[in-house]
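For reference, the structure discussed in these notes is given below.
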Amino acid sequence: MLKTALNSYHHSQHGKMVDFAGWEMPLTYAWTNPDGSAGGGITAEHVQTRTSGGFFDVSHMGRLKVHGRQAGKLLEKLCTRRVRDMKPGVCRYALLCNAQGGIHDDIIVYRMDEDDFLVVCNASNREKVIAHINAVKDAGGFVASLEDQTSKTAMVAVQGPRVIEFISAVSQEIPGLKRYTFAVKNLLIAKLIVSRTGYTGEDGVEVILPAGMIDMAMTMIMKKAPEGLIRPCGLGARDTLRLEAGMPLYGHELTEETNALGTGLDFAIALDKEAVDDGEAFVGADALKRSRDSGGPPTKLVGLKVDGKRSARQGMKVIVGGREGGVVTSGAPSPTLGICIAMAYVPSASSTPGVQVEIDTGKGDRLGATVCALPFYKAPKVKV
Amino acid sequence: MPSPADRTYSNSHEWHLLQGDTLTLGITRFAVDALTDVTYASMKPIGTKVSAAGTVGEVESVKTTSDIYSVCPGEIIEVNKAVADNPALLNADPYTHWLVKLKITDNTPLAKLLDAQAYDKAHPVH
């Protein structure tokens, strides 16, 4: 199994390690609370991130450097969203589609410089994304090169309402960053990328740094923070946090077969971007335009608030108007809302908030549920 | 902490404690750790007939839903309401907080289960 630069840290924090996309990653940790009692666990880590600060190792995600004279043009061709109008220091969420308008992956593109970009992709899709970028590059004869920097770098996310306040004590620049922008800090010969991004619905940062610098960074983050302000949180909490925040997860809400127009990620899909200066029709755009022009996607991603205490789970069928019409993609009890929540694809005509549906548990019974808008949870604005 | 030696264990992580013809059933520490925080436990009602290796209910955590099985056939005679009301009891102590009691009609399947030592060896809790 692959190990991140933080592997020994996870073990030192009693991480419950699992195989995630070939990486040994912490699902959850066992902390010791200040009073000596046992702490940690998915719910506690979730609450820690919602109320104070959580530290996540996300080094398993792919980090791919795309550079060269036509790197921007290549990414414009690959991404569902404008790339070449980004200024250096800006990062942007986008999809990589297949020719049918299904989804290869969802990524964040960082513009480092005019001809220098960084693509952060899902761990489970890294090989596929590399192959896809190379295939499109070669087919189009783009002058660009791709370098997989995943193993020589580390990436951590620090998320929560008290994170920026803590960072203010050590940096003036970072708290001034707008959402989806980043700063590059040069430390001796090493480069540190700090972006105002995340996958929890909370404010915070993500940091990319050379793998060999991780100990120094950990000392900065974990030892300088007052006791309990920031605690390590595992993939379990990351999943429930992103679910509450209505953020899709590849393999659940997004797949090769998912019609990108049904994902609710309209902000990340510029169907007609070839019409603008230096725009470029993206791979999959033709298929998606056909879908748009023939009435739109047959199903749409919605939130479901589930009646009762039982949770809907991925793969359960959604019954709409007495007929099987949709499928649950993610579901869990929401620690913040205290109810069971789920995301599901339902027929577009039944995707309006308030529509009553049923979920077939597959065990001979059904759960009632109500369609709602995403996200389930939005962080209150915090003044720093 | 070793699992209690007074009962036997299945590889699907239930413990079985036989007293006369009453079988008390619960889940192990390993199961609770694997499920992560248990958020919901629902057992079938008293009077339900259960076949050998049949389900007696289900337990849910933040991450997943898991069926609970009895290796012995019988009838559910008692359900632990305290656990249904407060599933977190299982996180705290899964060996005190049982799930169901069955009046069993055949105890021979119990002979195939693991004792505490063998179970802990096969499924260590770290």
Side-chain angles (χ1 to χ4, degrees), chain A residues 10-11 13-18 20 26-30 37-47 233-244 252 306-316 328 330-342 359 361-365 367, chain B residues 1 12-13 27-45 48-51 53-70 76 79-97 99-100 123-126:
Chain A
H10 300 318
H11 285 280
Q13 299 300 305
H14 312 289
K16 183 180 157 52
M17 306 304 283
V18 295
F20 184 83
L27 178 66
T28 175
Y29 296 89
S37 64
I42 293 178
T43 308
E45 290 161 32
H46 182 110
V47 172
C233 299
L235 293 182
R238 188 169 158 81
D239 189 30
T240 51
L241 288 159
R242 69 92 197 166
L243 176 60
E244 284 185 348
H252 289 254
V306 184
D307 303 343
K309 287 184 178 172
R310 283 170 78 191
S311 182
R313 302 288 180 185
Q314 182 179 28
M316 287 183 182
V328 173
S330 296
S334 158
T336 309
L337 279 68
I339 57 167
C340 288
I341 58 172
I359 297 160
T361 63
K363 292 178 184 174
D365 53 0
L367 311 172
Chain B
M1 218 163 38
S12 53
H13 311 297
I27 59 173
T28 66
R29 167 55 63 191
F30 180 91
V32 170
D33 283 2
L35 284 164
T36 68
D37 310 346
V38 175
T39 55
Y40 172 79
S42 171
M43 296 302 123
K44 292 187 172 171
T48 304
K49 298 266 197 296
V50 179
S51 57
T55 61
V56 296
E58 65 181 19
V59 169
E60 291 203 0
S61 70
V62 179
K63 283 222 65 81
T64 187
T65 303
S66 187
D67 284 327
I68 307 301
Y69 300 94
S70 166
I76 295 178
V79 171
N80 191 349
K81 197 173 169 299
V83 167
D85 292 344
N86 181 15
L89 291 172
L90 293 174
N91 302 324
D93 184 357
Y95 294 116
T96 302
H97 300 291
L99 295 172
V100 288
H123 306 286
V125 175
H126 60 101

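Every chain is numbered from 1, with letters handed out A, B, ... down the list of sequences. Keep in mind that the numbers below use all heavy atoms, side chains included, and drop hydrogens, waters and symmetry copies.
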Toward chain A, the part of [X] with a non-hydrogen atom under 4.5 Å:
X     : value
B:S42 : neither
B:T36 : side chain
B:A92 : neither
B:T64 : backbone

Tightest non-hydrogen contact, residues B:S61 and A:P333, listed as O-CD, 4.1 Å
Smallest heavy-atom separation, A:A44 atom then B:D37 atom, equals N-OD2, 4.4 Å
Is there side-chain contact between A:K363 and B:D67, with at least one heavy-atom pair below 4.5 Å? yes
Paired with B:K63, the side chain to side chain contact (heavy atoms under 4.5 Å, CB included) test is passed by just one of A:T240, A:I42, A:L235, namely A:I42
So, the part of A:T43 with a heavy atom under 4.5 Å from chain B: the answer is both
Quiz item: Does a side-chain N-to-carboxylate-O contact under 4.0 Å join B:E60 and A:K309?
Solution: no
Heaviest contributor of heavy-atom pairs below 4.5 Å to chain B, chosen from A:S334, A:G41, A:S311, A:G331, is A:S311
